[in-house]
Amino acid sequence: MSKDIWVIAERRNDEIHSSTYELLGKAREIAKKAGDFMVWVIVLSERTMTETEKGLLYRYGADGIIAAVHEVFQRFNFLAYLETLEKLAKEAEPEIILAPATTTGRTIMPALAGVLGTGLTADCTGLDIEVETGNLLQTRPAIGGNIMAMIKTPAHRPQMATVRPKTFSVLEEKYDGPREYREIHPIFFSKIDRMELVEFKGTPSEMKSIQDSEIVISGGRGLRKPENLELLKRIAKLVNGSVGASRPIVDSKWIGHECQVGLSGHTVKPRVYLAAGISGAVQHIAGMQTSDVIVAINKDRNAPIFDFSDIGLVGDASEILETILKRLEALKGEKVR
Ligand SMILES: Cc1cc2nc3c(=O)[nH]c(=O)nc-3n(C[C@H](O)[C@H](O)[C@H](O)COP(=O)(O)OP(=O)(O)OC[C@H]3O[C@@H](n4cnc5c(N)ncnc54)[C@H](O)[C@@H]3O)c2cc1C
């Protein structure tokens, strides 16, 4: 009998979020290495899935889909999610359960691990499998990001982990597996209406989120004053990118936490990451080191950020940013205010 790896899908704005496809890619890699695993995606939705949605999940690595359909899943409902996932997991007994470390994943996975009597490794940055034992090798930063811990769960099943979005890449080659589909319509036994959604506040929508952007223009303490963030914003707007930040300037309330890159912020993997006035502390690097091209601006030529950069510019951040801005404006032939 095959063993199962589950990926719990993240849905946002009625779509499967990219973090689900990233986890599917990693689950596929683990299944291939272990040999006898099947990869399932668990989708909790208020409606039946379309053929296009199913096709994408299969293409990106799923052998099968379990869709739990109920109107309550229109929004995240903790009790309904927990009851459904607990029941499914107790029936199917998967070996491994993975979920994105999003607000939903971070809320439901610890509770699910609790009711299943197993452990959870949160915010993993690497996953692998020990083929002989089937133990999941879960890597995550520890002690403020200064060491990487490798965690195994040999005595309990399922093995559960969350992984930050943008940590893994989606499968490049099309996967063509068995394509099983099961749909269930849960009946709830606990009082799921004990929780009421009072209000839903999305993140400010004037710019794309840093995790969804192909270009992230980030600033750190070397910007010296909040007004210089304006330069980052104008450059980001011209290149259709987003503004990121190091932790000190988020702590100083120059910009919101949704923009923080790093260990206690977000992980990003854009095509271009520009770090202006950021020293390159290990906790910041943890959130951006897999970006395709890293450009750093720093007045200190020995700043650690240059060890991780493809292009390094030594000089004053605001002066260099102004030059970049002028050049971009000239190239575009327009002035964006
Ligand atoms: C548990 C934990 C979690 C953390 N999580 C995060 C996280 O998620 N994200 C994060 O960023 N940090 C995080 N930190 C903080 C981290 O350790 C660093 O303190 C932080 O990243 C430093 O931010 P910075 O580079 O902006 O500032 P600094 O380290 O002060 O660096 C400023 C840089 O700007 C340069 N500079 C100064 N003036 C100029 C100028 N005029 N022009 C150009 N360059 C100039 C300096 O040479 C220096 O390199 C965390 C720390 C801990 C302990």
Side-chain angles (χ1 to χ4, degrees), residues 19 100-103 106 121-126 139-149 151 162-167 203 209-211 213 216-236 241-270 272-291 294-327:
S19 54
T102 53
T103 308
R106 284 178 171 162
T121 309
D123 274 8
C124 294
T125 54
T139 308
R140 75 174 315 284
I143 318 196
N146 289 302
I147 62 161
M148 297 304 270
I151 297 168
T162 59
V163 180
R164 287 175 173 214
K166 301 291 172 195
T167 301
T203 45
S209 88
I210 51 172
Q211 291 184 299
S213 278
V216 177
I217 313 288
S218 283
R221 207 148 35 188
L223 286 182
R224 289 174 297 133
K225 42 187 183 179
E227 293 86 309
N228 283 335
L229 269 179
E230 209 40 48
L231 289 169
L232 300 185
K233 288 183 187 164
R234 290 171 68 187
I235 293 174
S242 304
V243 175
S246 67
R247 179 161 146 175
I249 73 166
V250 171
D251 288 349
S252 307
K253 306 219 180 309
W254 292 12
I255 198 164
H257 182 263
E258 70 280 0
C259 299
Q260 185 179 318
V261 175
L263 194 63
S264 51
H266 302 278
T267 303
V268 297
K269 200 173 183 299
V272 179
Y273 185 82
L274 187 144
I278 293 177
S279 58
V282 61
Q283 295 88 357
H284 188 85
I285 298 296
M288 43 62 84
Q289 63 189 336
T290 57
S291 306
I294 298 173
V295 184
I297 306 172
N298 201 299
K299 70 172 189 186
D300 173 7
R301 62 173 60 247
N302 296 314
I305 189 80
F306 289 131
D307 297 338
F308 300 89
S309 309
D310 302 285
I311 301 170
L313 304 170
V314 179
D316 179 73
S318 52
E319 277 175 21
I320 294 176
L321 288 170
E322 263 174 44
T323 310
I324 294 174
L325 180 62
K326 280 197 190 126
R327 185 86 183 108

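Heavy atoms only: backbone and side chains are in, while hydrogens, waters and symmetry mates are out. Order of appearance sets the numbers: ligands from 1, and atoms from 1 within every ligand. The first residue of the sequence shown is numbered 1, and numbering continues consecutively from there.
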Under 4.0 Å, counting heavy atoms only: does Gly287 come that close to any atom of ligand 1? no

Contact check, Gly315 vs ligand 1, heavy-atom distance below 4.0 Å: yes

Do Asp316 and Arg224 sit within salt-bridge range, that is, some charged N less than 4.0 Å from a carboxylate O? yes

Please check whether [X] reaches ligand 1 - meaning an N/O of the residue sits under 3.5 Å from an N/O of the ligand, judged on distance alone.
X: Ile297; result: no
X: Gly265; result: yes
X: Gly280; result: no
X: Leu263; result: yes
X: Asp300; result: no

Interatomic spacing from [atom1] in [X] to [atom2] in [Y] - rounded to 0.5 Å:
X: Ile217; Y: Ile324; atom1: CD1; atom2: CD1; answer: 7.5 Å
X: His266; Y: Cys259; atom1: NE2; atom2: SG; answer: 8.0 Å
X: Glu258; Y: Ser242; atom1: CD; atom2: OG; answer: 10.5 Å

Between [options], which one has a non-hydrogen atom sitting closest to [atom]?
atom: atom 16 (C) of ligand 1; options: Arg301, His266, Gln283, Arg224; answer: Gln283
atom: atom 46 (C) of ligand 1; options: Asn298, Asn302, Val314, Asp316; answer: Asn298
atom: atom 24 (P) of ligand 1; options: Gly262, Ala317, Ser246, Pro141; answer: Ser246
atom: atom 38 (N) of ligand 1; options: His257, Arg221, Lys299; answer: Lys299
atom: atom 3 (C) of ligand 1; options: Arg247, Glu319, His284; answer: Arg247
atom: atom 36 (N) of ligand 1; options: Gly222, Ala275, Gly220, Pro304; answer: Gly222

Does the protein put any heavy atom within less than 4.0 Å of atom 19 (O) of ligand 1? no

Please check if atom CD1 in Ile147 has more than 12 non-hydrogen atoms from other residues, nucleotides or ligands closer than 6.0 Å. yes

List ligand 1 atoms under 4.0 Å from [X], heavy atoms only on the residue side.
X: Ala281; result: 16 (C), 17 (O), 18 (C), 21 (O)
X: Val261; result: 7 (C), 8 (O), 9 (N), 10 (C), 11 (O)
X: Gly277; result: 26 (O), 32 (C), 33 (C), 34 (O), 44 (N)

Could you go through residues 297-314 and list every donor-acceptor pair under 3.5 Å that involves a side-chain atom there, pairing it with any protein atom two or more places apart or in another chain?
residue : atom : partner : partner atom : Å
Asn298  : OD1  : Asp300  : N            : 2.9
Asn298  : ND2  : Ile278  : O            : 3.2
Asp300  : OD1  : Asn302  : N            : 2.8
Ser309  : OG   : Ile305  : O            : 2.7
Asp310  : OD2  : Ile294  : N            : 2.7

For Asp123, does its backbone N or O pair with a side-chain atom of Thr162 as donor and acceptor, under 3.5 Å? yes

I need the minimum non-hydrogen distance between Arg221 and Ile249, along with the two atoms involved. N-CG2, 3.9 Å

State, to 0.1 Å, how close Arg140 and Ile151 come at their nearest heavy-atom pair, and which atoms those are. CD-CD1, 3.9 Å

Quick check: do Val250 and His257 have side-chain heavy atoms less than 4.5 Å from each other? yes

